[in-house]
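Letters A, B, ... mirror the listed sequences (proteins, then strands); counts begin at 1.
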Amino acid sequence: MELLEIAALLLLLLAALLAGGVWIAVALMASGWVGMQFVGGNIPAGSVLATTIWGNSASWSLAALPLFIWMGEILFRTKLSDEMFRGLAPWLNWLPGRLMHVNVLACGIFGSVSGSSAATCATVAKIALPELKRRGYDEMVSLGSLAGAGTLGILIPPSITMVVYAVAANVSIIQVFLAGFLPGFLVMALYSGYLIVWSLLNPDKTPPADPPMPLKQKLEESAKLIPLALLILLVFLSLMLGWATATECAAWGVLGSLAIAWWHDALTWESFWTSVMGATRVTCMIMLILAGASYLSTAMAYTGIPVALAEWVGALQLSPFALIAALTVMYIVLGTALDGISMIVLTTAVVIPMIKQAGFDLVWFGIFVVLVVEMAEVSPPVGFNLFVLQTMSGKDSYTVARASIPFFFLLVVAVALITVFPQIVMVLPDLAFPN
Amino acid sequence: MIRTALDALYLAAGWLAGAFLVLIFVLMMILSAGRPLGINIPAGDDIVSWCMAAMAFLGLAHTFRQGEMIRVGLLIDTLSGRTKHVFEVGSLVVGCGFVGFFAWNAVVMTWYSWRFADMTQGVIAIPLWIPQMGFTSGLVILAIAFVDELVHVASGREPRYEKPKPQTAEEVVEQAIQSGV
Amino acid sequence: QTKWNLPAAYPTDNPHTVNLMAFAKDVTEATGGKLQITVHANASLFKAPEIKRAVQTGQAQAGEVLISIHENDDPMFGIDVIPFLATSYPQSQKLWKASRPLVEKRLAAQGLMVLFAVPWGPQGIYAKKDIDKVEDMKGLKWRGYNVGTNRIAELVGAQPVTIQAAELPQALATGVVNAFMTSGSTGYDSKAWETMTHYYDTQAWIPKNITFVNKAAFDALDKPTQEALLKAAAVAEERGWKLAEEKAGWYLEQLKANKMKVLPPSDALKTGLGKIGDQLTADWLKKAGTDGQSVIDAYRKM
Ligand code: NA
Ligand code: NA
């Protein structure tokens, strides 16, 4: 069989297994095994399975993954969201759009301690949604901005999505993390800019400002944010002062989160163990998918399909922009039905060689991938931020999805911006890792 | 009796995985905070990576039974009754096949490590089969859990790996967070 | 037509990988395309620790690995990382000649056949201060990543620090580590001059990569193909040594050009390190037994 025919067969098989309800990790392994049958030379498909997955799983830098997940689990169980709303709200009354900017800012801040978009969205929405409704803010824009801003959880490091990408694409986790900061600010600016423009165009839909609060009280409300600010500072300083390597700062993050939970009187043996087991299960789920994906990509490497595909795309002589545009469309389509992790692990084996061939930096491409995964989070029918908000607001998924449309397009704008100005992504990693 | 034993096995392995997570945290804190104090764990980085592999695989059966091993529900969630049952059994057969195949090969790999007397690399030398044990036993336990479910579902009962549809906002959020995205 | 996979752990532009690619090309040409070797660089097929096992069990037909990572399996694989035993390329070549029969025998017992070996750069000491004698190394935060580097730290009273290779640049920048041993090329690649000031060209040891083949896969080839393969391997070994030696000097020039003090070790330091070397050779002999003794004797006679 020709390589491209094998590739098409594997793709069909994978799609059939996934649609049939087979667990993603198992479907990946099955496709990898079928792929191995086309490799000559009596390669033992089973030994390859065990060896590659053992080699990929026993990894020092992967150990940051469960720690970041654990950190989010601990913080989610505290009163953090409540305090974040009260601490930020008094300062944002003067902006057109007023308290809706709290959504963006709070998600950005929570995103810098959580690695998950659904957790960020849920944590902030838990308190912001009822508060905004009570004050009479437009519900569609509240919902949309929460869905959109929640995705900052995976763009601003730490980020589970980035770890998964970095492992799948074999690039440095810390470099992808560094690359995420400026695009994170860019997306926040785009969201806030949109909220300002929208409220200037719809002055009747923004409720009057809250009664002004005396400065002293404002400061008192914001003082409750100090523990969180200290946590962010702790993680940052542990890295900068050389207390910790990039991987170890995840452990400092856990330590800080435990301290915050203790400060909030939310730390009991029971809640401690609940958070440990929650983080363990999420990690196990992700690791088995990564295991399946690494087997499939090893099988692909044996067959030589990725190289052939890259050559084929190279022969098309697409401009780099056209390639990125095509990939964006492909990911948007995939993103309607797949979650972020599956999207990444299913595509990297074939897309990475093409991207290299077209001359893109793999760290840059990581941020591109995170942005398209963010779009997937807010596109129906499968989008976790939509699920979160659907239940929290009691609206149907169609309404939440419609509310998110402007923010979906702002992410498309962000993709266009980082493609035209790749420096936005690369300036920080290049500064830290000149080469 | 067997039922209780199996459930206890999945849970115990899951707890062990949780303990490895706590151990990773503790080791990393000692490595990091220990440097200025002159404390060093020889091969600490290797030990952490073995804990990582043990944690990731020992917790699998528990994760599976808690309904947190994800699949694409787009089609299967729309099915019901007999058709759905057929799809569930089919998925479980594929799952048993490949998880069993994986577990078997992990056993063979570990057995080879023992037979060739392979040692770990780096600063401390211990037999390689020891760190590989967590990985291998986790997979074997997962394979048992899959066969257990296949027998259970094939005899006409409801799958136990499906999370009930979330009822409250809290449950949705919990599930969304556990999706890892 | 036969197709082989050859997993390797280093990036495409690494001199070892470049040499492997040239070797694969030579083989294709010499056999008229009858044997084609695909080099999977950058650990894209198997990670470094798994490569030997993969070739042993037929998951790949050939592979390249830094042989000293397997020193815990067999002390003979760690002979080229005994500090201060062979401290120049000619000496290192002699050591390889003396140890090759035994290394080949040990690998053959695992179903592997040695094709060729290519050295890395000689290992020197990077530091932020003058080191005139071994006592100056006391209290340094010293990166220990294998048996030898940890033993050195122990013997000179430095504090061994565990840091993964990938995290070394950051550890240097933040002062987690303030001294370590590696080659001029690794120091050049990681821009050591941004954090370190001194390089002592101790040539403490010269590690090697060994490229091997699964014996059964080799036996399955026809005679002319086998001969062509072995001939290409010999060429690759010679090319690799020559290139490494030429490049080693160039890297030190680059360190100098970037304002590092590139110094030969002082006599006092040399003597002190020599004593440590004797100690570590004795350590190694205890593990390696009579076979080890015979190799060291043969080497010393050359
Ligand atoms: Na984040
Ligand atoms: Na979606």
Side-chain angles (χ1 to χ4, degrees), chain A residues 17-26 29-30 33 46-47 49-51 54 57-60 62-63 66-67 69-70 76 116-119 122 160-161 243-244 248 251-252 254-255 276-288 337-341 377 381-382 384 387-388 391-392, chain B residues 14-15 17-18 21-22 24-25 28-29 31-33 35-36 45-46 48-53 55-57 59-60 62-63 66 68-76 87-88 90-91 94-95 98-99 101-102 104-106 108-109 131-132 135 166 168-169 172-173 175-181:
Chain A
L17 289 172
L18 289 177
V22 174
W23 293 265
I24 294 170
V26 175
M29 264 176 233
W33 183 82
S47 313
L49 177 65
T51 315
W54 163 255
S57 309
S59 149
W60 158 263
L62 254 185
L67 293 176
I69 296 173
W70 187 12
F76 179 72
S116 141
S117 131
I160 298 173
T161 312
W243 299 346
E248 288 159 1
W252 286 91
V254 170
L255 188 74
V276 168
M277 288 312 291
T280 301
R281 288 192 297 267
V282 177
T283 308
C284 287
M285 180 270 288
I286 294 176
M287 286 293 291
L288 193 64
L338 291 178
D339 67 277
I341 295 171
E377 298 296 324
V382 179
F384 279 97
F387 292 162
V388 169
T391 336
M392 287 197 157
Chain B
W15 281 355
L21 172 56
V22 178
I24 290 174
F25 166 64
M28 276 204 191
M29 284 313 297
L31 277 171
S32 172
R35 264 181 233 116
D45 50 349
D46 293 331
V48 165
S49 58
W50 301 328
C51 290
M52 181 63 206
M55 177 217 162
F57 288 87
L60 283 174
H62 173 64
T63 307
Q66 292 284 309
E68 287 179 31
M69 201 164 280
I70 55 171
R71 42 188 194 163
V72 181
L74 209 52
L75 188 66
I76 196 148
F87 270 89
E88 292 292 359
S91 298
V94 176
F98 279 96
V99 173
F101 178 67
F102 188 7
W104 166 248
N105 280 288
V108 171
M109 181 184 81
Q132 285 176 342
F135 168 74
T168 66
V172 170
V173 172
Q175 285 201 12
I177 289 171
Q178 280 157 359
S179 69
V181 290

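- Taking the side chain to side chain donor-acceptor pair (under 3.5 Å) definition, one finds that B:R71 meets it with B:E88, B:E162, sequence neighbours left out.
- Contact annotation for B:M55: both backbone and side-chain heavy atoms come within less than 4.5 Å of a heavy atom of chain A.
- Side-chain contact check for A:T280 versus B:H62: every heavy-atom pair is 4.5 Å or farther apart.
- Interface summary for chain B: among A:I69, A:L255, A:L17, the most heavy-atom pairs under 4.5 angstrom belong to A:L255.
- For B:T63 against A:C284, the heavy-atom pair with the smallest separation is OG1-CB, 3.4 Å.
- Between the side chains of A:W252 and B:S32, at least one donor N or O sits under 3.5 Å from an acceptor N or O.
- A ring-centre distance under 6.0 Å is found for B:F25 and A:W70.
- Contacts of A:M29 with chain B are made by both backbone and side-chain atoms, with heavy-atom separations under 4.5 Å.
- With sequence neighbours excluded, the residues satisfying side chain to side chain donor-acceptor pair (under 3.5 Å) with A:T51 are C:Q59.
- Interface residue B:Q66: only side-chain heavy atoms are found under 4.5 Å from chain A.
- Using a 4.5 Å cut-off between heavy atoms, B:W104 does not touch chain A at all.
- Ranked by heavy-atom pairs under 4.5 Å with chain B, the list A:A19, A:A30, A:G278 is led by A:A30.
- When each of A:A25, A:P66, A:A244 is checked for heavy-atom pairs under 4.5 Å with chain B, A:P66 comes out on top.
- In this structure, chain A has heavy atoms under 4.5 Å from both the backbone and the side chain of B:V94.
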